[in-house]
Structure formats: C-alpha cells, structure tokens
Amino acid sequence: MSYVTGFLTPVKVENKDRYIESARVAWPLFKSYGALAHVENWGVDVPDGKVTSFPMSVKLEDGEVVVFSWLIWPDKKTADDAWAKMQDDPAMANMDMPFDGKRMMWGGFETIFDEKQ
C-alpha cells in the first residue's frame, strides 16, 4: 500500500494565489523525488471546535484559512529518501512558502484502505 504525507497549515486569504503557485512549483520537485500525487485543499467549511478542530490545531488567526494537503508516495522509504534529499536541494530552499511554517503540522501515514469509484 502507499504512504501519505499529510499537512495542515494556516494561509492568509490574500496569499491564496501565491500558495497555489507555490504548489505548482513544488509538484515537479516532489514528482522527481518519487511522489505519485500532490493534493492541496483550501478550507471552505472548517468550523471552530470546542475541544479540538482544524483551526485550533494550527492556531488559526483572523484573515487566515486552513489548508489541508497531502502527498502520496509509493512507500515510506521513497518518502523518507525524498525528504532527506530535499533538505539539501537549492530548489527547495529558494521556494516561496507563503504560510507560517511554525504553525504547520504534518505527519506520515500508511494507507490501510483505498477505494476509488
């Protein structure tokens, strides 16, 4: 089964176009390192919670939106190797990242169920 790296990050509303462009620029890099898919999702129905929520998890501020993203890899080893290589890749270092990375959260997940229509 595949491996997924998932992300949640707050993005200022006025940076939406910059964020989309950063994803367009990042995809060829991710693909060159073995990613199978790259999906970015702009929050449109992301309610505040009483105990926990997407907005609480990224300490969402006024004028920001939660973005939910993921990369699909063939396996964990490919993802781990890619992240290690990207640490030293100048293309990654020079990429525009229009979000507060300190409030981004991410994790790696093994796929345990995957059905498509």
Side-chain angles (χ1 to χ4, degrees):
M1 282 283 204
S2 59
Y3 185 79
V4 176
T5 307
F7 307 88
L8 281 177
T9 193
V11 178
K12 291 183 180 182
V13 172
E14 65 263 20
N15 287 341
K16 183 177 183 180
D17 289 338
R18 277 181 61 206
Y19 188 86
I20 293 167
E21 183 58 25
S22 73
R24 285 188 182 120
V25 170
W27 168 238
L29 182 64
F30 296 145
K31 186 176 177 183
S32 75
Y33 284 119
L36 303 173
H38 177 184
V39 179
E40 298 283 349
N41 301 277
W42 190 259
V44 295
D45 185 13
V46 186
D48 289 324
K50 292 183 180 175
V51 177
T52 189
S53 66
F54 283 130
M56 291 168 72
S57 68
V58 297
K59 298 182 179 182
L60 196 68
E61 297 175 359
D62 287 341
E64 293 180 333
V65 169
V66 176
V67 174
F68 177 42
S69 314
W70 62 88
L71 292 164
I72 300 176
W73 305 92
D75 51 51
K76 184 177 187 309
K77 180 177 180 348
T78 303
D80 289 347
D81 290 349
W83 293 118
K85 291 173 188 172
M86 281 188 261
Q87 297 299 316
D88 297 322
D89 190 328
M92 195 71 177
N94 297 325
M95 195 171 297
D96 180 28
M97 297 192 187
F99 54 87
D100 183 350
K102 289 180 255 165
R103 291 185 289 136
M104 171 190 261
M105 56 190 308
W106 65 91
F109 302 85
E110 291 181 346
T111 302
I112 58 172
F113 182 81
D114 184 6
E115 280 294 324
K116 296 181 178 59
Q117 189 169 348

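Count residues from 1 along the sequence.
Other residues, nucleotides and ligands place more than 12 heavy atoms under 6.0 Å from the CD atom of Glu14. Annotation: Asp114, atom CG; neighbour count of heavy atoms from other residues, nucleotides and ligands within 6.0 Å is above 12.
When all heavy atoms of Glu64 and Pro10 are compared, the pair lying nearest together is OE1-CB, 3.6 Å. Shown here for Thr9 and Tyr19, the closest heavy-atom pair between the two residues is CG2-OH, 4.1 Å. Minimum interatomic distance between Ala82 and Tyr33 (heavy atoms only, all atoms of both residues): CB-CB, 3.5 Å. Shortest non-hydrogen contact noted between Gly49 and Met56 is O-SD, 3.5 Å. Closest approach of Phe68 and Leu8 over heavy atoms only: CD1-CD2, 3.8 Å. For the residue pair Ser69 and Val67, the shortest heavy atom distance occurs at OG-CG1, 3.5 Å.
Considering CG of Asn15 and CD of Glu21, their distance stands at 13.0 Å, rounded to 0.5 Å. Note that the NZ atom of Lys59 and the CE atom of Met105 stand 11.0 Å from one another [nearest 0.5 Å]. Atoms CG and CG, from Asp80 and Asp75 in turn, are 9.0 Å apart once rounded to the nearest 0.5 Å. Put simply, NZ on Lys85 and OG on Ser32 are 9.0 Å apart, with the number rounded to the nearest 0.5 Å.
Distance alone, capped at 3.5 Å, is enough to place a donor-acceptor pair between the Thr111 side chain and the Ser2 backbone.
Val11 places none of its side-chain heavy atoms less than 4.5 Å from the side chain of Pro98. Looking at Leu36 and Pro74, their side chains come closer than 4.5 Å, going by heavy atoms from C-beta outward. Between Phe54 and Leu60 there is no side-chain heavy-atom pair separated by less than 4.5 Å.
Residues Val4 and Met86 do not share a hydrophobic cluster, defined by chaining ILVMFWY side chains whose heavy atoms lie under 4.5 Å apart. If you chain together hydrophobic residues whose side chains sit under 4.5 Å apart, Phe109 and Trp83 never meet in one group.
Ring geometry for Phe30 against Trp73 counts as perpendicular: the plane angle is over 60°, on a 0 to 90° scale with 30° as the lower cut.
Side chains of Thr78 and Asp81: no donor on one and acceptor on the other come within 3.5 Å.
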